[in-house]
Amino acid sequence: MTDQRTALVLGGGGITGIGWEIGVLTGLAEAGVDLTGAELVVGTSAGSVVGAQVAGGADLEAVYGRQLEPPTGEKVARMTRAALARYGWAVLRSRGDDVAFRRRIGALALAAERAGLTPSEQERLDVIGSRLVGREWPDRDLRVTAVDAETGQFRVLDRTSGVPLLQAVAASCAVPGVYPPVTIDGRRYVDGGMRSAANADLAEGCDRVVVLAPVPRGIGPLSSVDAQVTGMVARVAVVSPDAASRRAIGRNVLDPAARAGSARAGRAQAAAVAAEVAEVWQG
């Protein structure tokens, strides 16, 4: 494998997505398939948190243990019906134009912030900071995705971007209508999942790719994981929640109370997918 470039792609999926991904990674490592040495790590939304931990050299058992801690003092967030309706309207009005869709979703995020419907930007930076194992970009190739709230332009942030890791991850996790946009270089950025739930195509050019996708499907102009990996000249394995994991995740991916169950379910699921992942990663 020394001449094979490996990529770990970590998709979005809220608080439960963080727990599930960490559970899967921990279970795979326990089964002898350690993905944490990937040469490229792509993180979107929840995956940006996990990606920063993995690329930063965090101990999997330690971060897994943190997922099992009671959510004392953590607030339950949820997408309101009004915001969901605006998402649907943005899909319909954009007619497949992904940039136009992202502009409309960005406008939704900015309007929700002005109306006081989201926490303050500093409050979110504090929350995201508490989830990171360090504030410096790792030496490895970590790519974090975000979207300009005003222009709808997609941006990939890495250690060469000049953007602090905390701001990059917070922007990638800024779910429009739920959390405030994050300021980077004087501009406001929202969730990188507004382009794709995983942005797996950023691993194009790698030889071995594993995608952990809490949300594998695409909605409207958002590309699905399958669509993005189809045609890749690479060995690819895509892991998404099985029935038990979906039950553990529940209906609100932003509920901290479901985090521990999601992590346990992900770890249990890893045993069932270990052989498939090993064939791609080690075969």
Side-chain angles (χ1 to χ4, degrees), residues 7-22 24-25 35 38 40-56 79 87 98-99 101-102 105-106 109 124 128 131-132 137-138 140-149 152-159 161 163 165-179 181-182 184 189-204 206 209-229 232 236-241 249 253-254 262 266:
L8 172 62
V9 178
L10 300 160
I15 292 172
T16 57
I18 293 174
W20 179 80
E21 289 179 353
I22 289 172
V24 172
L25 288 170
L35 304 182
L40 167 64
V41 179
V42 177
T44 292
S45 199
S48 70
V49 174
V50 181
Q53 293 173 330
V54 167
M79 184 73 68
Y87 268 77
D98 56 342
V99 177
F101 167 76
R102 295 195 294 267
I105 294 302
R124 278 300 290 167
I128 298 300
R131 294 175 181 163
L132 300 180
W137 284 93
R140 266 191 293 162
D141 189 357
L142 169 64
R143 303 179 192 177
V144 172
T145 65
V147 168
D148 188 305
Q153 292 300 311
F154 179 65
R155 186 172 178 187
V156 181
L157 304 166
D158 62 14
R159 65 177 181 270
S161 65
V163 176
L165 179 63
L166 173 58
Q167 275 74 14
V169 174
S172 194
C173 293
V175 181
V178 178
Y179 303 124
V182 171
I184 295 175
Y189 284 85
V190 297
D191 197 328
M194 295 302 101
R195 174 182 181 262
S196 162
N199 294 297
D201 56 328
L202 295 182
E204 186 69 59
C206 291
V209 180
V210 173
V211 184
L212 302 189
V215 182
R217 64 189 180 279
I219 301 173
L222 278 65
S223 299
S224 68
V225 172
D226 284 347
Q228 291 194 325
V229 301
M232 269 190 184
V236 182
V238 176
V239 182
S240 56
I249 288 169
V253 301
L254 302 176
S262 300

Those residues that, when tested against Ala203, pass side-chain contact (heavy atoms from CB on, under 4.5 Å) (two or more places apart): Ala7, Val9, Leu40, Val209, Met232
Backbone of Gly192 reached by a side-chain donor or acceptor of Asn199 within 3.5 Å: yes
Heavy-atom donor-acceptor pair, Arg124 side chain to Ala171 backbone, under 3.5 Å: no
Shortest non-hydrogen contact from Ala55 toward Val41: CB-CG2, 4.4 Å
Rounded distance [0.5 Å steps], OG in Ser172 versus CE in Met194: 10.0 Å
Sidechain-backbone polar pair: Gln53 side chain, Arg131 backbone, donor-acceptor under 3.5 Å: yes
Whether Arg140 side chain and Ala38 backbone form a donor-acceptor pair below 3.5 Å: yes
Rounded distance (nearest 0.5 Å) linking atom OG of Ser262 with atom CD1 of Ile15: 10.0 Å
Side chain to side chain contact (heavy atoms under 4.5 Å, CB included) between Trp20 and Leu212, intermediate numbers included: CA-CA 9 Å; Trp20 179 80; Leu212 302 189; 4.2 Å; yes
Glu21 side chain reached by Pro214 side chain, heavy atoms, under 4.5 Å: yes
Heavy-atom pair with the smallest gap, counting every atom of Ala168 and Val144: O-CG1, 3.4 Å
Ser224 side chain vs Pro216 backbone, donor-acceptor pair below 3.5 Å: no
Residue from Val239, Val238, Leu10 passing side chain to side chain contact (heavy atoms under 4.5 Å, CB included) with Val211: Val238
From Gln228 atom CD to Leu202 atom CG, the distance as rounded to the nearest 0.5 Å: 7.5 Å
Gly193 versus Thr44, closest heavy-atom pair with distance: N-CG2, 3.4 Å
Side chain proximity check, Val163 to Tyr189, heavy atoms < 4.5 angstrom: no
Val215 and Val253, any side-chain heavy atoms less than 4.5 Å apart: no
Any donor-acceptor pair under 3.5 Å from Gln153 side chain to Asp148 backbone: no
Check: Leu157 and Ile184 side chains under 4.5 Å, non-hydrogen atoms: yes
Side chain to side chain contact (heavy atoms under 4.5 Å, CB included) partner of Leu142, the single match among Asp158, Val42, Leu165: Leu165
Gap separating the OG atom of Ser45 from the CD1 atom of Ile18, nearest 0.5 angstrom: 8.0 Å
For the student: nearest non-hydrogen atoms of Val49 and Cys173, plus distance: CG2-SG, 3.7 Å
Ala174 to Val190 - nearest heavy-atom pair and separation: O-CB, 3.6 Å
